[in-house]
Amino acid sequence: MPELPEVQTIINGLNQKILRKEIQEIIEFRPGTIIWQIPFTSLGKVVSISRRGKYILLQTSNKINLIIHLRMTGKLVFETDLSKSSTHSRAEIIFRDKTKLIFNDIRTFGKIQIMKKDEEIAAFQNLGVEPLSEEFDAKYLRNELKNKKAPIKNILLDQRVLAGLGNIYVAEILFRCKIDPRKQGNELDLKQLKLIVLHTKTVLEEAIKHNGTTISDYRSVEDKSGEFQNFLKVYGKKTCECGAEISKIKQAGRSTYFCAVCQN
DNA sequence: ATTGCTTCCTGAGCGC
DNA sequence: TGCGCTCAGGAAGCAA
């Protein structure tokens, strides 16, 4: 569920709440949630919290990385009452100061990997560029798309090309570019590639400013909803602002919303 | 190499 | 009220 802006909002919250706290214990309620890639060891203090694509990276003073992926329904909720829990709590990170971070996940696709610091690169090596970085420009996109016949929608969802976009933001970005999501990657012209780069950055920045998009499950670390759902133009909509009906089709097994009048 | 199909799992919403 | 069906924001693994 969470895409880049939601993950970024969570990171911002975590930086307020758990930076410099010492990890006392990690409890796994549902087997398979925590993946220990090293023998069990003391983790130390949380020294940095950052994001790569949709992954959350916690680094500790003992040179250990915790890499968290929330997938569809994962949430991280900061809690000061150690006795509080919920039906979908899959794991908890308990801090020495008697606070905790609950990993809540209805559909159980989310994971927490624990590994040595040096293995961080391996975990991220298949990810494409960060959409908000300078590396992501029309030249990069042109190179990525030149041999691809897949629909542009599918390509933008591919984390190996661009790390962080999901179904909602791809729909919104293509709408703002007025590009048909079914268009083949290699058929787009330079002007269109520039539009994709521009709108990817502006949509993501706007969404981060509004603390992400809450359609159903997503919540911040403080269990608050985002607000960007109020600014969506096509995703989940029936009617376009031009008055035409929004089309809903399946691409790569996922629903795609677009306006056949505005996007072509 | 690229593309698309299936799968993991739970819950909400719909029609009957 | 309840049953069965479809759908859901992700991505790895596999086959063609």
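Chain letters run A, B, ... following the sequence lines, proteins first and then strands; every chain starts at 1. Side chains are part of it too, since the values below use all heavy atoms of this structure and drop only hydrogens, waters and symmetry mates. Since this is a predicted model, take the numbers as computed values, not measurements.
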Sugar-phosphate only, base, or nothing, as touched by A:Tyr257 at under 4.0 Å among non-hydrogen atoms
nothing

Please report, rounded to the nearest Å, how far the P atom of B:dT7 is from the NZ atom of A:Lys111.
18 Å

Any base atoms under 4.0 Å from A:Tyr169, or only sugar-phosphate, or nothing? Heavy atoms, all strands.
nothing

As a quick check of understanding, evaluate side chain to side chain donor-acceptor pair (under 3.5 Å) for A:Thr99 and A:Asp97, giving each step before the final call.
CA-CA 6 Å; A:Thr99 61; A:Asp97 68 354; 2.7 Å; yes

Rounded to the Å, how far apart are A:Leu157 CG and C:dA11 P?
9 Å

Taking atom P in both C:dC7 and B:dC5, compute the distance separating them and give it to the nearest angstrom.
15 Å

Ion pair check, A:Arg182 and A:Asp180, cut-off under 4.0 Å:
yes

Taking only side-chain N and O atoms of A:Lys148, does any of them lie within less than 4.0 angstrom of OP1 or OP2 on B:dT3?
no

Quick one: A:Arg182 CZ to B:dT3 C1', roughly how many Å, whole number?
19 Å

If you check the A:Arg160 side chain, which of B:dT3, C:dA11, B:dC9 turns out closest?
B:dT3

Could you check whether the rings of A:Tyr55 and A:His69 sit parallel, tilted or perpendicular, using 30° and 60° as the cut-offs?
perpendicular

What distance, rounded to whole Å, do you find between the two P atoms, one in C:dA11 and one in B:dG11?
22 Å

Please list, in numerical order, the residues of residues 248-256 of chain A that have a heavy atom closer than 4.0 Å to any atom of DNA chain C.
A:Lys248, A:Lys250, A:Arg254, A:Ser255

On the nucleotide C:dG10, are OP1 or OP2 found under 4.0 Å from the side-chain N or O atoms that A:His69 carries?
no

Take atom CD of A:Gln24 as the centre, draw a 6.0 Å sphere, and report whether it contains more than 12 heavy atoms from other residues, nucleotides or ligands.
yes

Given B:dG11, C:dG10, C:dA11, which nucleotide is nearest the side-chain atoms of A:His88?
B:dG11

Of the nucleotides C:dA11, B:dT10, C:dA8, which one has an atom closest to the side chain of A:Arg71?
C:dA11

Give the rounded distance in Å between these two atoms: CZ of A:Arg90 and C1' of B:dC8.
13 Å

Rounded to whole Å, how long is the line connecting atom NZ of A:Lys153 with atom C1' of B:dT3?
15 Å

So, for A:Glu3 and A:Asn167, which heavy atoms are closest and what is the spacing to 0.1 Å?
OE2-N, 3.6 Å

Can A:Phe109 be said to stack with the base of C:dA11, given centres closer than 5.5 angstrom and planes under 30 degrees apart?
no

Walking DNA chain B from its 5' end, the first of A:Thr108 and A:Ile155 to be reached, judged by nearest nucleotide, is A:Ile155

The side chain of A:Arg30 lies closest to which of these nucleotides: B:dC9, B:dG4, C:dG10?
B:dC9

Can you measure A:Lys149 atom NZ to B:dT2 atom P for me and round it to whole angstrom units?
12 Å

Between A:Glu172 and A:Arg176, does any side-chain N to carboxylate O distance fall below 4.0 Å?
yes

Provide the Watson-Crick or G-U wobble partner of C:dG10, both distances under 3.5 Å; none if there is no partner.
B:dC8

Does CZ in A:Arg160 sit with more than 12 non-hydrogen atoms of other residues, nucleotides or ligands closer than 6.0 Å?
no

Hey, does A:Ile215 reach any base, or is it just sugar-phosphate, or nothing, if we go heavy atoms under 4.0 Å?
base

Within the structure shown, what part of the strands sits under 4.0 Å from A:Asn154 by heavy-atom distance: base, sugar-phosphate, or nothing?
sugar-phosphate

Within this structure, what is the CG-to-C1' distance between A:Asn104 and B:dT10, rounded to whole angstrom?
13 Å

Around atom NZ of A:Lys45, are there more than 12 heavy atoms from other residues, nucleotides or ligands closer than 6.0 Å?
no

Rounded to the Å, how far apart are A:Leu156 CG and B:dT3 P?
13 Å

